[in-house]
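Take a look at the structure set out below.
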2 protein chains.
Amino acid sequence: METVLTTEQRILEAARKVFFAKGFGGARMQEIADEAGINKAMLHYYFRSKDQLFDVILEEALGRLWPTVGEIFMGEGTLAEKIGGFVDLYVEMVQERPYIPLFIMNEAQSNPAKLLARLGECRPPLQQMATAMQQAAARGEIRAADPRQTLMHLMSLVVFPFVARPVLKMFFGLTEDQFISLARERKREITCLIMNDLKPDTPVNN
Amino acid sequence: METVLTTEQRILEAARKVFFAKGFGGARMQEIADEAGINKAMLHYYFRSKDQLFDVILEEALGRLWPTVGEIFMGEGTLAEKIGGFVDLYVEMVQERPYIPLFIMNEAQSNPAKLLARLGECRPPLQQMATAMQQAAARGEIRAADPRQTLMHLMSLVVFPFVARPVLKMFFGLTEDQFISLARERKREITCLIMNDLKPDTPVNN
DNA sequence: GTCTATACGGCGATAGAC
DNA sequence: GTCTATCGCCGTATAGAC
C-alpha cells in the first residue's frame with residue numbers, strides 16, 4: 001500500500017493526460033515533464049524518445065477499448081439482456097475515459113500506419129455477437145439481421161455523444177450536470193432502440 | 001467559366017485539405033504552401049498568420065454543418081418523410097466532407113474558446129424539429145418523445161461511422177468499396193430504426 | 001505580387017556534471 | 001537517477017530585392 005508513485009509511473013500518468021488531450025502531434029515533451037513534476041531529460045532517460053513513450057500509452061489505450069464485452073455475448077440469457085449488458089459496460093467505459101475514442105479516431109486519420117497495425121489485434125467481439133444473434137433469431141426472439149450493422153448502431157449511439165460532448169453541450173445549451181443526466185437516460189433508450197429494431201416480424205399484428 | 005484559380009483560391013483549397021487532415025496543431029504552413037504550389041511567404045502575404053488562415057477555414061466549415069435541414073422539418077408531409085429527408089441530406093453532407101465533423105470535435109476539445117464562440121451561431125434546427133415532432137404526436141403518428149434524444153440518435157448514427165471510418169474498416173476487414181456499400185445500406189436502416197422507436201404505443205397489440 | 005534570405009523561438013534529443 | 005546546458009532542426013513570421 002504505497003501512495004508514493006515511482007518516477008516512471010508519474011511520467012506515464014502525465015503522458016496519458018497530455019497525449020489523450022492533444023494527440024501525438026500536439027503533445028509537447030515539456031508539458032508532460034511539467035505535468036509529472038520532473039525534468040524533460042528524465043523522459044528520455046526512461047523512454048528514449050517521444051515515439052516510444054507514445055507507443056506505451058497507445059498500447060494501454062487499445063487494450064481498454066473492448067472491456068470484457070465478448071464474454072457478455074457468450075453468457076446465458078436473452079439477447080435483450082446481453083445488449084443491455086453491453087450498453088451498460090460500454091457506456092461506463094466511455095464515460096470513464098471519454099478521450100480514448102476520439103484519440104483513437106484521430107490517430108487513425110493522421111498517423112494511420114502507426115495505429116492501424118496495432119488496432120488489428122484489438123478487434124471487437126463481432127464473432128460472439130453474430131453467434132448470439134443467430135441463436136436468438138433461431139429462437140424467434142429477434143429477426144435475422146446483419147450483426148455488423150447492429151454493432152455499428154451500438155457503437156455510434158454510445159460513443160458519439162461523449163466524443164462530441166462539448167459541441168452537444170453548446171448546441172443544446174446544457175450545463176455539465178444536465179449533460180450527464182441526459183447521458184444517463186440514454187442507456188435505457190439505446191437498448192430499447194436496438195431491441196425494437198430487432199423485433200421479429202409479427203404478421204398477425206402488422 | 002474560368003478554370004484558372006487565383007492564388008488566394010489555391011491557398012484556401014490547400015489549407016482546407018491540410019487543416020482538415022491534420023487539425024490546427026498538426027498542419028504545417030510549408031505543407032499548405034507546397035499543396036498550393038506557391039511559396040511559404042505568400043501565405044503570410046494573403047492571410048497574415050496561421051491563426052487567421054485557420055479562422056477562415058473554420059468559418060467555412062461551420063457554415064456547412066447544417067445544410068438546409070431546418071426547412072425539411074418545416075415543410076409538408078409525415079414525420080417519417082421528414083426524418084428520411086434529414087438522413088439523406090445529412091449522410092450526403094458527411095459523405096462529401098467526412099473530415100468536418102472530426103475536425104470540429106477535435107478543435108472543440110483542444111481549442112474550446114476559439115471554436116465554441118462561433119459554434120453558438122450555428123445551432124441545429126432543434127426548434128423546428130421539436131415542433132414537427134409535437135404535431136406528429138398530436139396526430140397520433142408517433143409517441144411523445146424528447147427531440148434532443150432523437151436528434152442525438154440521428155447525429156450519432158449518421159456521423160459516427162464516417163468519423164471512425166478507418167477504425168471500422170480495420171475492425172470489419174472491409175475494403176473502401178465494401179465500406180461504401182455498407183454505408184449506403186445504412187441510410188434506410190437509420191430511418192427505420194428511428195421511426196420504429198417513435199412508433200406510438202399500440203395497447204391493442206401490446 | 002512573387003520570390004530569396006533570414007530572424008527568432010520552440011521543439012526533441014543528448015552530453016556531461018553531480 | 002537527476003539535473004543544467006546546449007545542439008540541431010523546423011516552425012512561423014518578416015525584410016527586402018525584383
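B:Gln52 has its CD atom 15 Å from the P atom of D:dT12, to the nearest Å. Here D:dT14 presents its C1' atom at 18 Å from CZ of B:Phe47, a figure rounded to the nearest Å. B:Lys40 has its NZ atom 11 Å from the P atom of D:dC10, to the nearest Å. Atom CE in A:Met42 sits about 13 Å away from atom C1' in D:dT4, given to the nearest Å.
Contacts with DNA chain C (heavy atom under 4.0 Å) in residues 7-38 of chain B: B:Thr7, listed by number.
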Walk me through it: do B:Glu35 and B:Glu13 pass the test side chain to side chain contact (heavy atoms under 4.5 Å, CB included)? CA-CA 9 Å; B:Glu35 186 71 35; B:Glu13 204 166 318; over 6 Å; no
Candidate pair A:Phe20 and A:Ile57, rule side chain to side chain contact (heavy atoms under 4.5 Å, CB included), full reasoning: CA-CA 9 Å; A:Phe20 288 156; A:Ile57 303 303; 3.9 Å; yes
Stepwise side chain to side chain contact (heavy atoms under 4.5 Å, CB included) check, A:Leu157 with A:Ile194: CA-CA 10 Å; A:Leu157 292 165; A:Ile194 296 292; 4.2 Å; yes
Can A:Leu115 and B:Met170 be said to form a side chain to side chain contact (heavy atoms under 4.5 Å, CB included), step by step? CA-CA 11 Å; A:Leu115 179 68; B:Met170 169 61 79; over 6 Å; no
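The footprint of chain B on DNA chain C, defined by a heavy-atom cutoff below 4.0 Å, extends from C:dG1 to C:dT4.
Between B:Lys40 and B:Asp34 there is no salt bridge, since no side-chain nitrogen of the basic residue lies less than 4.0 Å from a carboxylate oxygen of the acidic one.
Residues passing the side-chain contact (heavy atoms from CB on, under 4.5 Å) test with A:Ala164, sequence neighbours excluded: A:Phe160, A:Leu168, B:Met105. Residues forming a salt bridge (Lys or Arg N to Asp or Glu O under 4.0 Å) with B:Glu176 (at least two apart in sequence, or on another chain): B:Arg165, B:Lys169. Applying the side-chain contact (heavy atoms from CB on, under 4.5 Å) rule to B:Arg188 yields the partners B:Cys192; only residues at least two apart in sequence or on another chain are considered.
The 12-atom threshold is exceeded at NZ of A:Lys82, counting heavy atoms of other residues, nucleotides or ligands nearer than 6.0 Å.
Ring centroids of B:Phe103 and B:Phe19 are separated by 6.0 Å or more, keeping the two rings apart.
Distance from the side chain of A:Asn39 is smallest to D:dT4 among D:dA13, D:dT4, D:dT14.
Relative ring orientation between B:Tyr90 and B:Trp66 is described as parallel, the plane-to-plane angle staying below 30° on a 0-90° scale split at 30° and 60°.
Phosphate contact (OP1/OP2 of D:dA13, side-chain N/O of B:His44, threshold under 4.0 Å): present.
One end of the helix from C:dG1-D:dC18 to C:dC18-D:dG1 points its axis 10° away from the other end's axis, with each axis taken from 5 pairs and the angle rounded to 10°.
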